[in-house]
Protein chains: 2
Amino acid sequence: MLKKEIQTEQKILEAARKVFQRSGIGGARMQEIADEAEINKASLHYYYRSKEKLFQTVFQEDFHQFMIPQFKIMRDPSLSLEERIRTFITSYSETMVENLHLPLFILHEISRNPDRLVYLVKGKMGMIADEDNVSEIQIPTAFARQIREGINRGDYHEVDPEQYIISLISMCVFPFAGRPMVKFFFNKDDEQYREFMQKRQDEIIDYAFRILLKGYQPGKSVASKGKG
Amino acid sequence: MLKKEIQTEQKILEAARKVFQRSGIGGARMQEIADEAEINKASLHYYYRSKEKLFQTVFQEDFHQFMIPQFKIMRDPSLSLEERIRTFITSYSETMVENLHLPLFILHEISRNPDRLVYLVKGKMGMIADEDNVSEIQIPTAFARQIREGINRGDYHEVDPEQYIISLISMCVFPFAGRPMVKFFFNKDDEQYREFMQKRQDEIIDYAFRILLKGYQPGKSVASKGKG
DNA sequence: TGTTGAATTAACCATTCAGTCAAACTATCT
DNA sequence: AGATAGTTTGACTGAATGGTTAATTCAACA
């Protein structure tokens, strides 16, 4: 009984995730989700009182999947800044490759209702940070500050740290949000696209270091594992 | 009479654009568009038989605004490749700053229905190109080929041209698609965001050249106007 | 095997919304 | 003024869809 309940709930969430990511909250139909989960529409409401409630559950999970690993990396004190940049890029790309619809879904729903950000971040992202007095919201800012320190030390080129961080994220995320266009204009099928995005990781890491590091040469490179 | 007709049609298109960009085709309401245009809903249908028809008209215009200037630049034979990169970035950013909702709107609607791309591009983009045998669809590919030539000549670093082009577009477009997050995590209000995106242009140009050009130094730089 | 509470279902309800229609209005020309 | 063609409008329709309900099934247990 209990087992069945959990199993059904899980089926619903998976189905809902698929449908919501494909169509957004507006385009999704409760009937469609029910069909996808192979249950009756009334049962769907039995488990999740309303569409909005169901959506929030799914969206919160997705949002965290989209954000938390990256946030963890940005402030991981066991990694040098260069290693963090490298890991940030691979981790981000990996998440997206495994979940192609995620980026656009997140972007679109956040844009439709930016206020969600406040409780989404404050809500469950408290699981990271809080060891010292850096709240999760300030992680990007803190990361930017560390880049600035590197610049001041003379290790890095003169970049605007905030612009630099956003550029990293852009290069990781955008090609997934614009997948149909990438495929269309560079004439790639699904498999070629996947391969292209897989290769892209190393390419972006290279770009990231060319932009930031003084005297960077792709050959000698920066440590790819272990401390720098 | 004729004058009034045109004027109404224009009002409808502006209203529809605003509502569609805000809510997408699914979220938009014909009544809302009618209200925005200050006409009766029946009149709306008098001018545009259906929602889909109205949407297509608006979307096609928006798509072209989003694409054509950049395509023109990519293949402008009067500019050197470096100048084209520079112009590409400023032109793209300029378009986005003036129309903040455009990128996400395009991305979302293309993603919802990728088949549109075929007739959208073949449809009206024939206005560019066709002088020689480079069709508009092949412009990015052609642009990539020219980068490759530069690499082979030894002028540029070893980059994957397709990845490079997509990175340029990413850095230009993504921060607009992710505007709420940029604002939220770097704590900017509308004005600060705007300023940030304005400054960003030069920053990206710098990044683009650091990635591509051998021996690039932001100081000496590449010609900012005229032939290189 | 009968009782109980949770899970499932078909049928139904209420609302929203794109699209239609016929009547009314307006401008222009004769 | 009357006729004509183009435009506007309120009222309406039908389909889609989120959500409810009451009856039924099912699983567990005494």
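Chain letters run A, B, ... following the sequence lines, proteins first and then strands; every chain starts at 1.
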Chemist: Return all side-chain donor-acceptor pairs below 3.5 angstrom for residues 169-187 of chain B, not counting sequence neighbours, or 'none' if the list is empty.
Modeler:
{"from": "Ser170(B)", "atom 1": "OG", "to": "Ile166(B)", "atom 2": "O", "distance (Å)": "2.6"}
{"from": "Lys183(B)", "atom 1": "NZ", "to": "Asp190(B)", "atom 2": "OD1", "distance (Å)": "2.6"}

Chemist: Any idea which of dG6(D), dT9(C), dT9(D) is nearest the Tyr46(B) side chain?
Modeler: dG6(D)

Chemist: Can you name the residues that form a ring-ring contact (aromatic ring centres under 6.0 Å, His included) with Tyr92(A), not counting sequence neighbours?
Modeler: Phe66(A), Phe88(A)

Chemist: What donor-acceptor contacts under 3.5 angstrom involve side-chain atoms of residues 23-34 of chain B, with partners at least two apart or in another chain?
Modeler:
{"from": "Arg29(B)", "atom 1": "NH1", "to": "Gly26(B)", "atom 2": "O", "distance (Å)": "3.2"}
{"from": "Gln31(B)", "atom 1": "NE2", "to": "Asp35(B)", "atom 2": "OD1", "distance (Å)": "2.9"}
{"from": "Glu32(B)", "atom 1": "OE2", "to": "Arg22(B)", "atom 2": "NH2", "distance (Å)": "2.8"}

Chemist: Without decimals, in angstroms, what is the distance between Gln7(B) CD and dT7(D) P?
Modeler: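 It works out to 12 Å between those atoms.
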
Chemist: Near DNA chain C, under 4.0 Å by heavy atom, which residues of residues 15-41 of chain A?
Modeler: Asn40(A)

Chemist: Could you list all the salt bridge (charged side-chain N to carboxylate O under 4.0 Å, His left out) pairs where at least one residue sits in residues 44-55 of chain B, not counting sequence neighbours?
Modeler: Glu52(B)-Arg116(B)

Chemist: Just how far, in rounded Å, is P of dC17(C) from CG of Leu44(B)?
Modeler: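 Rounded to whole Å, this separation is 15 Å.
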
Chemist: Checking Glu203(B) now: which residues fulfil salt bridge (Lys or Arg N to Asp or Glu O under 4.0 Å) with it, not counting sequence neighbours?
Modeler: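 Residues passing salt bridge (Lys or Arg N to Asp or Glu O under 4.0 Å) with Glu203(B): none at all.
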
Chemist: Looking at residues 49-57 of chain A, who's got a heavy atom less than 4.0 Å off DNA chain D?
Modeler: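 Hits under 4.0 Å, by residue number: Ser50(A), Lys51(A).
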
Chemist: Applying ring pair (Phe, Tyr, Trp, His ring centres under 6.0 Å), which residue pairs with at least one partner in residues 22-42 of chain A are found, sequence neighbours left out?
Modeler: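 As it turns out, there is no ring pair (Phe, Tyr, Trp, His ring centres under 6.0 Å) pair with a partner in residues 22-42 of chain A once direct neighbours are skipped.
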
Chemist: Phe105(A) and Phe20(A): aromatic ring centres closer than 6.0 Å?
Modeler: no

Chemist: Apply salt bridge (Lys or Arg N to Asp or Glu O under 4.0 Å) to Glu195(B) and list each qualifying residue two or more places apart in sequence or on a separate chain.
Modeler: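 Partners of Glu195(B) under the salt bridge (Lys or Arg N to Asp or Glu O under 4.0 Å) test: Lys199(B).
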
Chemist: Nearest to the His45(A) side chain among dA18(C), dG19(D), dT8(D), which nucleotide is it?
Modeler: dG19(D)

